[in-house]
Amino acid sequence: MIAVITGDIINSQHAHTEVWITRLKNLLENWGSSPLAWEIYRGDEFQFKCSIDEVFWRFLAIKSLIRSQENLDVRIAIGIGEENFSSEKITESNGTAYVHSGRLLDDLKSDGHTVSIKTSNEAVDRDLNILLKWSSKDFDSWTVATAEIIHEMIMNQDITQEDLAKKFAISQSSVSQRLKRANYELIVETNQYFRKKISEL
């Protein structure tokens with residue numbers, strides 16, 4: 001079983017493409033090579049695959065990266081399932097994970113939410129989607145400053161508040177306040193719950 005994330009950038013026409021696209025490419029490059037593991041297509045849509053264990057953290061890494069740029073956001077559809085056919089290009093690969101993810105992105109565009117998950121288990125979908133709807137109320141309102149801190153924490157979990165303070169040239173208490181405002185500890189717990197639920201599939 002694998003996870004496939006299909007996403008699109010919200011408000012991409014109001015931003016300098018080369019800025020967000022370069023940063024997104026650099027991020028995805030950390031997780032695999034293009035076009036086998038990920039691809040950006042149609043200008044502002046992207047797809048990549050990862051293990052089911054990592055998918056919530058990967059989603060948050062992308063979300064925080066895009067939210068750390070003024071006026072931008074991202075819609076993300078998480079599909080969990082099989083990969084029946086693996087092509088040299090991810091956009092030509094196939095299986096239930098791809099089908100779930102692709103269809104779900106179309107649904108998201110019409111229902112106004114920014115993240116959703118589809119597996120082959122309706123009960124798991126229901127539980128996780130309620131969780132995602134609640135938590136994305138927080139994620140969708142991150143300021144640029146909060147998103148930057150969250151992104152650093154996700155990408156480097158050993159980083160200290162002292163390191164973060166130096167990196168962003170702010171006080172350690174400011175770092176602490178931003179993490180509190182972003183409910184970072186709750187995010188870590190949510191990731192653990194997410195992994196536990198998905199491992200039961």
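Treat the numbers as computed from the prediction; the structure is a model and nothing was measured. All heavy atoms count here, side chains included; hydrogens, waters and symmetry mates do not.
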Paired with W31, the ring-ring contact (aromatic ring centres under 6.0 Å, His included) test is passed by just one of W57, F59, F48, namely F48

Does K25 have more than 12 heavy atoms from other residues, nucleotides or ligands lying within 6.0 Å of its NZ? no

What do the steps show when you test R195 against F56 for side chain to side chain contact (heavy atoms under 4.5 Å, CB included), and what is the final call? CA-CA 8 Å; R195 289 172 69 160; F56 184 75; 5.9 Å; no

Worksheet item: Should D140 and R67 be marked as a salt bridge (charged side-chain N to carboxylate O under 4.0 Å, His left out) after you check the CA-CA gap, both sets of side-chain angles, and the distance that decides it?
Response: CA-CA 8 Å; D140 291 350; R67 289 283 312 173; 5.7 Å; no

Quiz prompt | S120 vs T96 side-chain heavy atoms within contact, under 4.5 Å | solution = no

Please evaluate residues E39 and S34 with respect to the criterion side-chain hydrogen bond (donor to acceptor under 3.5 Å, both in side chains), reporting the C-alpha separation (whole Å), side-chain torsions for both, the decisive distance (0.1 Å), and the verdict.
CA-CA 6 Å; E39 231 180 315; S34 177; 5.9 Å; no

All heavy atoms of V74 vs all of K63, minimum pair found to be O-NZ, 3.7 Å

Taking every heavy atom of F46 against every heavy atom of L24, the minimum-distance pair comes out as CD2-CD2, 3.8 Å

* Asked: Is the number of heavy atoms from other residues, nucleotides or ligands within 6.0 Å of CD (Q13) greater than 12?
  -> yes

E18, CD: over 12 other non-hydrogen atoms inside 6.0 angstrom: yes

Apart from I130 itself, members of its ILVMFWY cluster (side-chain separation under 4.5 Å) are W134

- What do the steps show when you test Y193 against L128 for side chain to side chain contact (heavy atoms under 4.5 Å, CB included), and what is the final call? CA-CA 9 Å; Y193 175 77; L128 289 181; 4.1 Å; yes

Could you please spell out the steps behind the side chain to side chain contact (heavy atoms under 4.5 Å, CB included) verdict for K109 and D8? CA-CA 9 Å; K109 286 176 183 174; D8 74 330; 3.4 Å; yes

Those residues at least two apart in sequence (or on a different chain) that pass side chain to side chain contact (heavy atoms under 4.5 Å, CB included) with N84 are E82

Open item on the list: Membership question, hydrophobic clusters at under 4.5 Å side-chain separation (ILVMFWY): are V99 and I80 in the same one?
Closed with: no

Q. Is there side-chain contact between H113 and N129, with heavy atoms separated by less than 4.5 Å?
A. no

Distance col, row S116:OG vs R103:CZ, nearest 0.5 angstrom, shows 14.5 Å

* Is a donor on one side and an acceptor on the other found under 3.5 Å between the side chain of N121 and the backbone of V124? -> yes

Correct closest heavy-atom pair for A182 and T146 would be CB-CG2, 3.4 Å

So CG of D73 and OG of S12: to nearest 0.5 Å the spacing works out to 11.5 Å

Tell me if a side-chain donor or acceptor on T6 pairs with a main-chain N or O of L105 at a distance below 3.5 Å. no

Any side-chain to backbone donor/acceptor pair from W38 onto G32? Under 3.5 Å, distance only.
yes

- Any chain of hydrophobic side-chain contacts (each under 4.5 Å) joining I78 to I52? yes

Side chain to side chain, W142 and I149, heavy atoms closer than 4.5 Å: no

* To do: Tell me whether V188 is reachable from L179 by hopping between hydrophobic residues (I, L, V, M, F, W, Y) whose side-chain heavy atoms are closer than 4.5 Å.
  => yes

Please tell me if the side chains of L27 and M155 come closer than 4.5 Å, counting only heavy atoms from C-beta onward.
yes

More than 12 heavy atoms from other groups under 6.0 Å of CD on Q157:
yes

query: Is any side-chain heavy atom of K180 less than 4.5 Å from a side-chain heavy atom of S176?
result: yes

dist R178:CZ -> M153:CE (nearest 0.5 Å) comes out at 13.0 Å

Does some side-chain heavy atom of S68 sit less than 4.5 Å from a side-chain heavy atom of H151? no

Hey, quick one: are L132 and L108 part of the same hydrophobic cluster, counting side-chain heavy atoms closer than 4.5 Å, chains of contacts allowed? no

Subject >> N/O donor-acceptor pair under 3.5 Å between E152 side chain and E148 backbone >> reply: no

* According to a 4.5 Å side-chain heavy-atom criterion applied to Ile, Leu, Val, Met, Phe, Trp and Tyr, with indirect links allowed, do I9 and I21 form part of one hydrophobic cluster? -> yes

Check whether any side-chain heavy atom of I117 lies under 4.5 Å from a side-chain heavy atom of F194, and answer yes or no. yes

Item checked: CA sep, side-chain torsions, deciding dist, call: K196, E200, salt bridge (charged side-chain N to carboxylate O under 4.0 Å, His left out) -> CA-CA 7 Å; K196 184 176 176 298; E200 293 165 6; 3.1 Å; yes

For L104 and A77 the tightest heavy-atom approach is CB-CB, 3.7 Å

Taken to the nearest 0.5 Å, the spacing of L60 CG from I150 CD1 works out to 8.0 Å

CZ of R58 to CG of D53, rounded to nearest 0.5 Å, is 10.5 Å

Correct closest heavy-atom pair for A97 and G81 would be CB-N, 3.5 Å

query: Sub-3.5 Å donor-acceptor pair from the side chain of N94 to the main-chain atoms of F85, do we have one?
result: no

*Heavy-atom donor-acceptor pair, S136 side chain to F139 backbone, under 3.5 Å*: no

- prompt: Any side-chain heavy atom of T119 sitting closer than 4.5 Å to one from H100?
  reply: no

Heavy-atom nearest pair, E45 first then R42, reads OE1-NH1, 3.2 Å

**Request:** Show your reasoning for whether side-chain hydrogen bond (donor to acceptor under 3.5 Å, both in side chains) applies to S135 and D138.
**Result:** CA-CA 5 Å; S135 51; D138 245 12; over 6 Å; no

Rounded to the nearest 0.5 angstrom, the CD1-OG1 distance for I40 and T91 is 12.0 Å

Q. Where the side chain of S93 meets the backbone of S87, is there a donor-acceptor pair that is under 3.5 Å apart?
A. yes

